Structures are given as C-alpha cells and as structure tokens.
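Here the structure comes first, spelled out in structure tokens, and everything after it is commentary.
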Amino acid sequence: MEGLHPFYGLKKLCIISQSLDTIEGLEGCPLLEQLWICETNISVISGLHTLTNLRELYLYANQIKQIQGLSTLTELTTLWLNDNQIKAIQGLERLKKLQTLWLAGNLIERIGESLSHNLDLQELNLANNRLGTIT
C-alpha cells in the first residue's frame, strides 16, 4: 500500500473489497489503533509488526490459511479472522489483552489448549467450522 507515509497520525484505516495480495507499507502509520483489511486476496498475515498500538484488527473474508505475524500486537483486544481458510487456532499466545475473537467460517476442527493464554477473552465466535469437540 503506497502513499500512506504522510499519514503518521492515522488512527483508523479501512481497506475493503480491494485486489490486495499482501499487507505492506503500514510502517508509516505507527499510531494505528484500528485496521480493516477485508474481502481481499491476502493469504498471509504479515507487515503488521510495527503496529504496536493496534487495538482492533479485522481481517475477515480473505484467503488466510494460518494465524501468524501477530506476536508484536500485544495491545490487541479485538481480532476478526472469520471467513478465511484457517485450519488451526495458533499464534495468539502473546495477545494477553484479547477480548473478542471471531474465527467463524473457517476449517477449524479443534480448540484444545490453543486459547489457554488468552484469559481476558470475553467473546469467541467459532460458528460454521468443522469442530468435532470443544475440548
């Protein structure tokens, strides 16, 4: 995403229904608190490591296959990854402040201990997955 560098103070960014293939160019927006990148062709979560002030991240209806690239987003309270191609819940261990997690419409078969570090979690949406058990 070119052209975002002049917007150093940007707090909210919405990119929906665009033909993006990768997340890049956001290092010029370190104060972002809310980011929407939805209904795109993105298959890998990357390019977010400098967004340490991010509190809400919406990545629904993309082509994401794996939860990754979020470990530096320790202020995150809301994460929407619904309607992707995610098979396993992983990569959320460092998100201690996470309160809302939407993973509906993926390919997840089990929860296991994957959310045991997310003690502040208040809302979890796992609708329309392939869960055989919730243990």
Side-chain angles (χ1 to χ4, degrees):
M1 291 174 272
E2 295 181 29
L4 290 176
H5 288 284
F7 304 109
Y8 182 85
L10 199 64
K11 300 261 183 171
K12 180 179 179 179
L13 177 61
C14 293
I15 300 170
I16 300 177
S17 293
Q18 302 297 317
S19 57
L20 287 180
D21 293 317
T22 59
I23 303 172
E24 58 188 2
L26 294 175
E27 56 278 346
C29 305
L31 302 179
L32 269 180
E33 294 179 0
Q34 189 179 101
L35 177 61
W36 299 69
I37 301 179
C38 311
E39 301 171 18
T40 71
N41 298 320
I42 291 169
S43 60
V44 176
I45 302 172
S46 63
L48 303 176
H49 61 280
T50 60
L51 304 180
T52 55
N53 290 312
L54 205 60
R55 285 173 175 62
E56 298 179 29
L57 178 59
Y58 303 91
L59 296 173
Y60 64 82
N62 291 299
Q63 306 299 317
I64 297 168
K65 296 176 179 21
Q66 184 177 0
I67 303 172
Q68 62 187 35
L70 303 175
S71 63
T72 61
L73 307 181
T74 56
E75 296 300 314
L76 212 59
T77 60
T78 301
L79 178 60
W80 283 17
L81 290 168
N82 44 301
D83 299 313
N84 280 288
Q85 299 171 13
I86 297 167
K87 293 183 178 180
I89 302 173
Q90 61 188 34
L92 303 174
E93 301 81 17
R94 299 202 58 213
L95 307 183
K96 306 286 187 202
K97 296 182 180 181
L98 195 62
Q99 297 175 0
T100 301
L101 177 60
W102 279 38
L103 291 169
N106 281 289
L107 306 171
I108 298 166
E109 295 182 358
R110 63 185 296 267
I111 301 170
E113 298 294 317
S114 57
L115 298 173
S116 62
H117 293 86
N118 307 101
L119 301 179
D120 284 350
L121 200 59
Q122 298 173 18
E123 182 179 340
L124 176 61
N125 185 346
L126 291 167
N128 196 26
N129 272 286
R130 298 179 177 174
L131 293 174
T133 179
I134 57 172
T135 58

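The structure displayed is predicted, hence computed values, not measured ones.
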For the residue pair Lys12 and Glu33, establish whether any side-chain heavy-atom pair is separated by less than 4.5 Å. no
Are Leu32 and Lys11 close enough that some pair of their side-chain heavy atoms sits under 4.5 Å apart? no
Roughly how far, to the nearest 0.5 Å, is the CG atom of Asn106 from the NZ atom of Lys87? 11.5 Å
Between the side chains of Glu75 and Lys97, is the shortest nitrogen-to-carboxylate-oxygen separation below 4.0 Å, so that they form an ion pair? yes
If the test is side chain to side chain contact (heavy atoms under 4.5 Å, CB included), which one of Ile67, Asp83, Leu81 qualifies with Leu59? Leu81
When the ring planes of Trp36 and Trp80 are compared, do they come out parallel, tilted or perpendicular, using 30° and 60° as the limits? perpendicular
Is it the case that one hydrophobic cluster holds both Tyr60 and Val44, taking links as side-chain heavy atoms less than 4.5 Å apart, direct or via other members? no
Check whether any side-chain heavy atom of Leu107 sits under 4.5 Å from a side-chain heavy atom of Asn129, and report yes or no. no
State the OG1-CG distance between Thr74 and Asn53, to the nearest 0.5 angstrom. 9.0 Å
Is there a side-chain contact between Ile111 and Leu131, using heavy atoms and a 4.5 Å cut-off? yes
Interatomic distance, Leu115 atom CG to Leu103 atom CG [nearest 0.5 angstrom]: 7.5 Å
Checking side-chain contact (heavy atoms from CB on, under 4.5 Å) for the pair Leu54/Leu35: CA distance, chi angles, key distance, verdict? CA-CA 8 Å; Leu54 205 60; Leu35 177 61; 3.9 Å; yes
For Glu93 and Lys96, the nearest pair of non-hydrogen atoms, with its separation, is O-NZ, 3.2 Å
Can you give me the closest heavy-atom contact between Thr72 and Leu48, atom names plus distance? OG1-O, 4.3 Å
Please find the pair of heavy atoms, one from Ile108 and one from Ile89, that lie closest to each other, and give the distance. CD1-CG1, 3.9 Å
Are any of the side-chain heavy atoms of Leu79 and Leu70 separated by less than 4.5 Å? yes
Using the side-chain contact (heavy atoms from CB on, under 4.5 Å) criterion, which residues pair with Glu123? Sequence neighbours excluded. Thr100, Trp102
Any residue meeting side-chain contact (heavy atoms from CB on, under 4.5 Å) with Lys65, in chain and number order, not counting sequence neighbours: Gln85
Without hydrogens or angle criteria, can the side chains of Glu39 and Ser17 be said to hold a donor-acceptor pair below 3.5 Å? yes
Once rounded to the nearest 0.5 Å, what's the spacing between atom CG of Leu92 and atom OG of Ser71? 11.0 Å
Is it true that, when you exclude Arg94 itself, more than 12 heavy atoms of the residues, nucleotides or ligands shown sit nearer than 6.0 Å to its CZ? no
Return the CG to CG distance between Asp120 and Leu101, rounded to the nearest 0.5 Å. 13.0 Å
Do Pro30 and Tyr8 come close enough that some side-chain heavy atom pair is under 4.5 Å? yes
Drop me the distance from Leu26's CG to His49's NE2, to the nearest 0.5 angstrom. 10.0 Å
Group every Ile, Leu, Val, Met, Phe, Trp and Tyr by side-chain heavy-atom contacts under 4.5 Å, then state whether Leu51 and Tyr58 land in the same group. no
Just so I know, are the side chains of Ile23 and Thr40 near enough to count as touching, which here means a heavy-atom distance under 4.5 Å? no
